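As the structure is a prediction and not an experimental result, all values here were calculated from the model. Throughout, protein chains are lettered first and strands after them, A, B, ... in sequence-line order, and every chain is numbered starting at 1.
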Amino acid sequence: MNIFKIYLKKIKDLILTLNQKGLIQIPKDLNSINVDIPPEQFDSDISTNVAMVLSKINKNNPLELAKKIENILKKNDPNIDKIDIVKPGFINIKFKPIFWNDFLKEIITNYNKFGINKNEVKKNYLIEFVSANPTGPLHVGHCRGAILGDVISNILKFNQHKVSKEYYVNDYGNQILSFTKSVYLRIREILNGEKFPIDNPNLYPGDYLIQISKNIIAENKNINFDNFDNISSKLTSLAISQSLILIKANLKNLGIFHDNFQSETEIINNNEVQNVIDKLKKNNFVYLGKIKAPVDEMKSNWVEREQLLFKSTEFGDDKDRPLQKSDKSWTYFASDVAYHNNKLNRNFDTMINILGADHAGYIKRISASVQALSGKKNKLICKVSQLVKLIKDGKPFKMSKRKGDYITIEDLIKEVGKDAARFIMLNRSSDVELDFDFSKVKEKSKDNPLYYVQYCYARISSVFRHIDKNINDEIKIKSYNFNYSPDEIKILQKISQWPRCIEISSKMLEPHKIATYLYELSSTFHSYWNMGKDDETKRFINKDKKISDEKLVLLKAISNVIRSGMNIVGVSIPEKM
RNA sequence: GCGCCUGUAGCUCAAUUGGAUAGAGCGCUUGGCUACGGACCAGGAGGUUCUGGGUUCAACUCCUAGCAGGCGCGCCA
């Protein structure tokens with residue numbers, strides 16, 4: 001029940017009717033008309049800009065137009081208490097108690113549906129995220145994108161879209177080769193005591209390789225590890241599946257579960273790369289050519305080579321991109337084009353890729369390929385998650401893979417817990433760099449939004465305990481006939497904005513809005529709670545240790561929204577803290 | 001040099017995607033625990049939204065030209 005959408009429709013219908021009667025002119029496009037949340041100082045529940053939008057085309061003062069609309073609105077809507085017309089031409093609407101009573105009845109009886117925008121067109125999404133190389137466990141750097149992708153999926157699912165979560169496994173190429181080699185040398189070390197060349201920059205030095213190697217030895221007693229070439233491909237698949245076990249365990253600890261792990265090797269072995277290149281060739285998007293050297297550095301080392309190129313410049317990229325290496329093997333880009341063609345063939349309405357900031361430069365070429373293959377724009381949406389700046393003991397913490405001093409997801413979870421990791425990573429827009437201060441994240445104070453929201457839920461739970469109920473119990477109300485005070489209406493207004501929050505974060509794929517909203521809702525609650533100290537009528541439990549239906553409904557509504565919100569974010573809501 | 005992201009209070013960030021007097025937390029400052037959970041609340045000080053131009057009834061938001069920071073820029077993935 002999105003009251004903003006409901007009233008937007010009412011207002012659009014109204015001006016369409018007025019237009020048909022020849023009373024007003026309307027623009028072709030009604031999209032700039034909106035129904036919004038009015039600023040607090042105006043004592044209204046919703047507001048609309050309709051008069052200002054119509055003013056120009058009607059050559060009429062917005063205030064006068066607003067007056068006309070006001071009269072008609074009031075006459076036809078028994079829910080409206082008063083309408084204010086303010087300065088430039090805003091129409092501010094305040095509802096009667098009956099409106100809030102009906103509203104609460106609806107959201108309490110259908111509590112599990114509140115927030116869903118059910119009239120939105122339902123789509124079938126594919127979201128690809130994490131997709132870290134399968135050469136070891138995940139580290140904190142992967143964490144933000146992982147959580148972002150997971151929560152975007154949760155929002156879309158909450159809004160009743162279909163979502164398939166996918167992890168692309170880059171189990172092919174040079175990095176995998178050196179990874180396999182590293183495992184091999186670790187195995188030799190274990191079996192034959194040959195020391196692992198820890199300083200070789202082309203190898204993976206991490207200690208986790210020792211455990212991987214031990215597992216491989218233990219599970220494959222029949223393999224002879226004397227000659228690398230004889231077993232390299234077998235060893236690759238064994239090493240990767242060991243890596244994936246680690247990665248899946250990491251993701252599980254973050255509360256993340258993918259529906260599908262798509263292997264790159266499989267795409268290549270199915271000849272999909274060759275097929276997609278043939279397809280592009282047919283449509284004239286591929287040619288043999290040379291790439292120009294970058295303008296500045298290392299000009300002297302540049303060797304021009306003729307290679308198979310994809311015309312990504314036709315779709316706005318800076319240069320055309322190579323599909324084939326000089327040794328005739330495919331580039332990473334080529335197999336990724338094939339992978340995206342594979343996605344296209346599975347007929348999703350929209351494909352979402354979550355990328356780290358360091359891969360942002362890749363977006364143009366991959367969306368170019370999707371456009372070339374599908375002819376449709378906007379089939380692929382790429383979301384970039386900016387860097388996370390780690391702060392430990394008040395100082396920035398730099399991770400270096402070489403030295404092996406990086407923080408894994410295990411370390412992170414052990415130190416701050418899944419809930420804090422998820423909530424804090426979401427607390428900022430994905431477009432801005434995020435400070436992740438280990439000491440602050442653990443802090444149990446207002447400085448930490450996670451605890452602030454959880455504390456709100458815990459307080460509500462404690463009220464339910466006092467009346468010998470549980471916060472999850474369904475409540476039965478004889479009649480919704482209440483008259484809430486202005487301070488309580490403030491909470492109701494905030495609650496009424498929940499579906500709108502979902503609507504926008506779902507449309508814009510911006511999960512941080514959920515975290516912000518939950519914080520604000522908690523804030524209005526905490527504020528009201530403290531009023532109870534001076535004013536007993538604002539306490540939930542009265543002198544007789546009872547609670548009125550009016551207050552009970554209010555608490556139930558708040559806690560239901562917090563529960564849905566925290567479920568979407570994927571964090572727990574303890575009843576006691 | 002080019003591309004992407006960012007620039008808002010001393011610090012970290014919001015801002016209903018173009019709306020009204022730009023809001024929170026931290027820090028500073030003044031108050032509130034014999035209390036349904038103080039992990040909280042109320043008040044105060046703090047702003048030329050990086051700069052210049054443009055579009056609009058309306059610009060933190062869009063366009064444009066700059067400035068500053070981050071990330072990336074060959075057949076690595």
Side-chain angles (χ1 to χ4, degrees), chain A residues 4 32 34 36-42 47 49 52-53 55-56 62 86-90 92 131-133 135 170 172-176 264 291 293-298 301-303 305 307-308 317-319 322-327 329-333 335-336 356-364 384 386-387 389 427-435 437 440 443-449 451-452 454-456 458-463 465-467 497 500-501 504 507-508 510 512-513 516 519-520 523 526-534 536 539-542 545 547 551 576-577:
Chain A
F4 298 90
S32 52
N34 55 35
D36 271 330
I37 304 160
E40 229 181 290
Q41 66 267 25
F42 288 111
S47 84
N49 64 352
M52 288 177 293
V53 175
S55 130
K56 197 174 185 184
V86 186
K87 265 195 307 186
F90 288 99
N92 292 343
S131 298
N133 286 342
T135 55
N170 301 127
Y172 181 88
N174 292 332
Q175 291 190 5
I176 291 302
E264 179 183 3
I291 310 179
V295 185
D296 59 345
E297 52 180 327
M298 302 296 181
N301 295 337
W302 181 266
V303 182
R305 286 200 187 89
Q307 52 192 153
L308 202 60
D317 200 2
D318 315 339
K319 42 187 143 189
L323 294 162
Q324 207 166 27
K325 303 181 198 173
S326 53
D327 66 358
S329 66
W330 302 118
T331 61
Y332 170 78
F333 176 60
S335 56
D336 210 14
D358 51 343
H359 288 70
Y362 194 72
I363 293 174
K364 278 193 180 170
V384 174
Q386 293 298 324
L387 295 183
K389 276 189 275 184
N427 200 36
R428 302 287 181 228
S429 151
S430 57
D431 285 338
V432 305
E433 288 187 15
L434 179 95
D435 285 346
D437 187 326
K440 268 193 186 163
E443 205 168 285
K444 300 187 172 177
S445 76
K446 207 177 168 186
D447 205 12
N448 188 330
Y451 291 108
Y452 189 75
Q454 286 183 328
Y455 186 45
C456 172
R459 271 181 159 172
I460 296 173
S461 302
S462 88
V463 174
R465 278 196 299 276
H466 277 281
I467 54 167
Q497 292 157 16
R500 186 179 175 77
C501 173
I504 292 166
K507 191 167 88 187
M508 307 307 293
E510 286 183 351
H512 75 277
K513 289 186 186 296
T516 307
Y519 187 88
E520 287 168 1
S523 174
H526 286 310
S527 173
Y528 182 78
W529 178 280
N530 277 277
M531 289 177 198
K533 290 174 181 175
D534 299 326
E536 277 192 33
R539 299 181 67 160
F540 290 97
I541 295 173
N542 58 30
K545 302 258 173 198
I547 188 168
K551 294 277 199 298
K576 285 181 187 173
M577 299 169 67

Can you list the residues that meet the salt bridge (Lys or Arg N to Asp or Glu O under 4.0 Å) rule with A:Asp318, with sequence neighbours excluded?
-> none
Can you find a heavy atom in the side chain of A:Gln386 that is under 4.5 Å from one in the side chain of A:Val432?
-> no
Give the ring-plane orientation class for A:Phe333 versus A:Tyr362, where under 30° counts as parallel, over 60° as perpendicular and anything between as tilted.
-> perpendicular
With rounding to whole Å, what would you report as the distance between B:G19 and B:A58 at their C1' atoms?
-> 6 Å
Could you please name the option among B:A77, B:C71, B:U6 that lies closest to any side-chain atom of A:Glu264?
-> B:A77
Using a cut-off of strictly less than 4.0 Å, decide whether A:Trp529 has a side-chain nitrogen or oxygen near OP1 or OP2 of B:G38.
-> yes
When you measure from the side chain of A:His526 to the backbone N and O of A:Tyr455, does any donor-acceptor pair fall under 3.5 Å?
-> no
Partners of A:Asn174 by side chain to side chain contact (heavy atoms under 4.5 Å, CB included), sequence neighbours excluded?
-> A:Lys325
Paired to B:A22 by Watson-Crick or G-U wobble criteria (both distances under 3.5 Å) is none
B:U17, syn or anti by chi within 90 degrees of zero = syn
State which of B:A20, B:C36, B:C71 makes the closest approach to the side chain of A:Val463.
-> B:C36
When you compare B:C11 with B:G54, how far apart are their C1' atoms, in angstrom units rounded to a whole number?
-> 34 Å
Starting at CG of A:Asn530 and ending at P of B:C40, how long is that distance when rounded to a whole Å?
-> 10 Å
Applying the 3.5 Å cut-off to both distances, the Watson-Crick or G-U partner of B:G72 turns out to be B:C2
In whole angstrom, give me the gap between the P atoms of B:U61 and B:C50.
-> 8 Å
Using the P atoms only, state how far B:C5 lies from B:G10, rounded to an integer number of Å.
-> 27 Å
Can you find a side chain N or O atom of A:Ser527 that sits less than 4.0 Å from OP1 or OP2 on B:A42?
-> yes
Looking only at atom P, what distance separates B:G25 and B:U21, rounded to whole Å?
-> 23 Å
Which whole number of Å gives the distance between the P atom of B:U12 and that of B:G70?
-> 14 Å
In chain order, what residues pass the side chain to side chain contact (heavy atoms under 4.5 Å, CB included) check against A:Lys551, with sequence neighbours excluded?
-> A:Glu488, A:Tyr528, A:Phe540, A:Ile547, A:Ser548
Starting from P on B:C5, measure out to CD1 on A:Ile363 and report it in whole angstrom.
-> 8 Å
Starting at CG of A:Asp534 and ending at P of B:C36, how long is that distance when rounded to a whole Å?
-> 14 Å
Integer-rounded Å distance: B:A39 P and A:Tyr452 OH = 13 Å
May I ask you to verify if any side-chain N or O of A:Arg459 is less than 4.0 angstrom from the OP1 or OP2 atom of B:G38?
-> yes
Go ahead and name the base partner of B:C33; Watson-Crick or wobble counts if both distances stay under 3.5 Å, otherwise write none.
-> none
Paired nucleotide for B:U61 [Watson-Crick or G-U wobble; both distances under 3.5 Å] = none
Answer yes or no: does atom CD of A:Glu40 have more than 12 heavy-atom neighbours from other residues, nucleotides or ligands under 6.0 Å?
-> no
Gap between atoms CE and P, on A:Met531 and B:G38 respectively (whole Å) | 15 Å
Classify the side chain of A:Asn92 versus the base of B:A20 as yes if they form a donor-acceptor pair under 3.5 Å and no if they do not.
-> yes
Check the geometry between A:Tyr455 and B:G37 and answer yes if their rings are stacked (centres below 5.5 Å, planes below 30°), otherwise no.
-> no
State, yes or no, whether a side-chain contact exists between A:Lys576 and A:Ser461 at a heavy-atom distance under 4.5 Å.
-> no
Looking only at atom P, what distance separates B:G38 and B:G44, rounded to whole Å?
-> 24 Å
Value in whole Å for how far the C1' atom of B:C36 lies from CD1 of A:Ile467 | 10 Å
When the distance from NZ of A:Lys545 to P of B:A35 is rounded to whole Å, what number comes out?
-> 11 Å
Between B:U56, B:A20, B:G3, which nucleotide has the shortest distance from any of its atoms to the side chain of A:Lys87?
-> B:A20
Partners of A:Asp317 by salt bridge (Lys or Arg N to Asp or Glu O under 4.0 Å), sequence neighbours excluded?
-> A:Arg321
Give one of base, sugar-phosphate or nothing for A:Gln175, where a contact means two heavy atoms less than 4.0 Å apart.
-> base
So what's B:C28 paired with, Watson-Crick or G-U wobble, going by both distances under 3.5 Å?
-> B:G44
Partner set under side chain to side chain contact (heavy atoms under 4.5 Å, CB included) for A:Glu536, not counting sequence neighbours | A:Arg539, A:Lys543
Report the residue (A:Tyr451 or A:Ile176) whose heavy-atom-nearest nucleotide on RNA chain B is the more 5′ of the two.
-> A:Tyr451
For A:Ala357, answer base if it contacts any base atom (sugar-phosphate contacts may also be present), sugar-phosphate if it contacts only those atoms, and nothing otherwise; contact means non-hydrogen atoms under 4.0 Å.
-> sugar-phosphate
Please give the nucleotide sitting opposite B:A39 as a Watson-Crick or G-U wobble pair, both distances under 3.5 Å, or none.
-> none
Walking RNA chain B from its 5' end, the first of A:Tyr362 and A:Gly532 to be reached, judged by nearest nucleotide, is A:Gly532
Could you tell me whether A:Lys533 contacts a base, only the sugar-phosphate backbone, or nothing, with contacts defined as non-hydrogen atoms closer than 4.0 Å?
-> base
Sticking with atom C1', work out how far B:A59 lies from B:G74, rounded to a whole angstrom.
-> 42 Å
Quick one: what's the B/S/- string for nucleotides 12-19 of chain B, heavy-atom cutoff under 4.0 Å, read 5' to 3'?
-> BSSSBB-B
Identify whether any heavy atom of A:Lys440 sits under 4.0 Å from a base atom; if not, whether one sits that close to sugar-phosphate; answer base, sugar-phosphate or nothing.
-> nothing
Atom CG of A:Asp317 to atom P of B:C73: distance rounded to whole Å?
-> 14 Å
